[in-house]
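Only one structure is covered here, and it is reproduced in the block below.
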Amino acid sequence: MAKKIKKTETVAGECPIHHIAFIMDGNGRWAKKRAMPREFGHKFGADVYRTVMKRCFELGIRATTFYVFSTENWKRPEKEVSAILTLLDEYLDRCEKELIENDVRFIFIGDKSPFSDSLREKMLRIERNSINNHYICNLALNYGGRSELVYAVNQLLKEGKESVVEEDISARIYTKESPELDLIVRTGGDLRISNFLLWQAAYAEFYFTDKLWPDMSVKDVDEIVENFKQRNRRFGGV
Ligand code: FPP
């Protein structure tokens with residue numbers, strides 16, 4: 001991402017998506033097909049994440065959320081967990097300045113407490129330095145939808161609330177800085193939500209594709225947006 005993000009002229013009209021989220025599934029299978037270790041798939045997947053994020057912003061989507069590491073992913077072999085966290089760490093080093101200059105605001109959603117001091121400090125620094133930027137990239141790390149709701153409820157209890165309304169929860173979830181979620185995309189062929197953005201998904205549309213995450217391209221993002229434009233969202237109305 002060498003230049004400032006420029007809204008593309010190839011897509012007509014205002015983009016109806018304000019917030020899009022991705023479950024980036026299929027890295028392991030992609031690597032296996034190539035007789036490579038799973039970590040190779042994650043490495044390629046990290047590059048694809050950058051391409052997809054940039055395209056979303058070019059299309060005028062203000063907020064993106066990516067499921068990088070779930071609360072359940074700690075169950076994976078230590079070598080794989082460590083490879084994903086190293087990738088993230090290196091990515092943050094390489095991209096920090098560039099992304100902040102490109103008007104991207106980073107928010108790390110999830111429980112940061114199990115990460116190393118240096119990774120946590122890096123995340124906090126990037127969040128602070130990008131706070132006034134327009135585009136939002138929420139990176140879900142050690143994230144679980146249920147634990148996010150538990151976190152929000154605990155905040156409310158600490159504040160001494162005795163009863164709450166929906167807006168109270170919405171104001172305390174990790175993605176509170178982002179617009180309402182419009183669309184969740186899941187690659188890799190599975191048809192489930194895997195504890196991702198449970199509260200935010202209430203009125204979101206879903207897009208499932210058999211494509212493996214590392215095979216995703218700019219063209220796929222364009223197709224997803226075009227597909228969304230054809231949908232008739234009724235939000236419970238007629
Ligand atoms: C799911 O595929 C993918 C993950 C659990 C990790 C996602 C991480 C990345 C795309 C790297 C992102 C890194 C940065 C720097 C943002 P899987 O391993 O479950 O694939 P499988 O279902 O084929 O086994």
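Scope of the values below: all heavy atoms of this structure, side chains included, with no hydrogens, waters or symmetry mates. One-based numbering, in listed order, for ligands and for the atoms of each.
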Does ligand 1 have a heavy atom under 4.0 Å from the side chain of Lys32, from its backbone, from both, or from neither? neither

Less than 3.5 Å apart, any donor N or O on the side chain of Asp89 or Thr86 sitting next to an acceptor on the other? no

Can you tell me if Phe206 has over 12 outside heavy atoms packed within less than 6.0 Å of its CZ? yes

Do me a favour and list the nearest non-hydrogen protein atom to atom 3 (C) of ligand 1 with residue, atom name and distance? Met24 O, 3.2 Å

Would Asn27 and His42 count as having a side-chain donor-acceptor pair, cut-off 3.5 Å? yes

Before accepting this row, confirm whether a basic side-chain N of the pair Arg120/Asp117 lies closer than 4.0 Å to the acidic partner's carboxylate O. yes

Of the protein's non-hydrogen atoms, which lies at the shortest distance from atom 19 (O) of ligand 1, and what is that distance? Arg76 NH2, 2.8 Å

Over 60° means perpendicular and under 30° means parallel, so tell me whether Tyr67 and Phe196 are parallel, tilted or perpendicular. parallel

Taking atom CZ of Phe44 as the centre, does the number of heavy atoms from other residues, nucleotides or ligands within less than 6.0 Å exceed 12? no

Looking at Gln200 and Ala204, what are the two nearest heavy atoms and their distance? O-CB, 4.3 Å

So is Gly26 touching ligand 1 or not, going by heavy atoms under 4.0 Å? yes

heavy-atom search around atom 6 (C) of ligand 1 in the protein gives Val68 O, 3.4 Å

Closest non-hydrogen protein atom to atom 13 (C) of ligand 1, residue and atom name please, with distance? Ala46 CB, 3.7 Å

Of the side chain and backbone of Leu212, name the one, both, or neither that has a heavy atom under 4.0 Å from an atom of ligand 1. neither

Taking atom types as modelled, is there a side-chain donor on Asn195 or Ser70 under 3.5 Å from an acceptor on the other? no

Considering the heavy atoms of Tyr49, write down every atom of ligand 1 situated less than 4.0 Å from one of them. 16 (C)

What protein heavy atom lies closest to atom 11 (C) of ligand 1? Include the residue and the distance to one decimal. His42 O, 3.7 Å

With heavy atoms and a 4.0 Å threshold, my read on which part of Arg94 contacts ligand 1 is neither

Heavy atom of the protein closest to atom 9 (C) of ligand 1 (residue, atom name, distance): Asn27 ND2, 3.7 Å

Side chains of Tyr151 and Tyr174, heavy atoms from C-beta outward: is any pair under 4.5 Å? yes

Where ligand 1 meets Tyr91 - atom numbers and elements under 4.0 angstrom, heavy-atom basis: 15 (C)

Nitrogen or oxygen of Arg29 less than 3.5 angstrom from that of ligand 1: yes

Protein residue, atom and distance nearest to atom 5 (C) of ligand 1, heavy-atom basis: Asn73 OD1, 3.6 Å

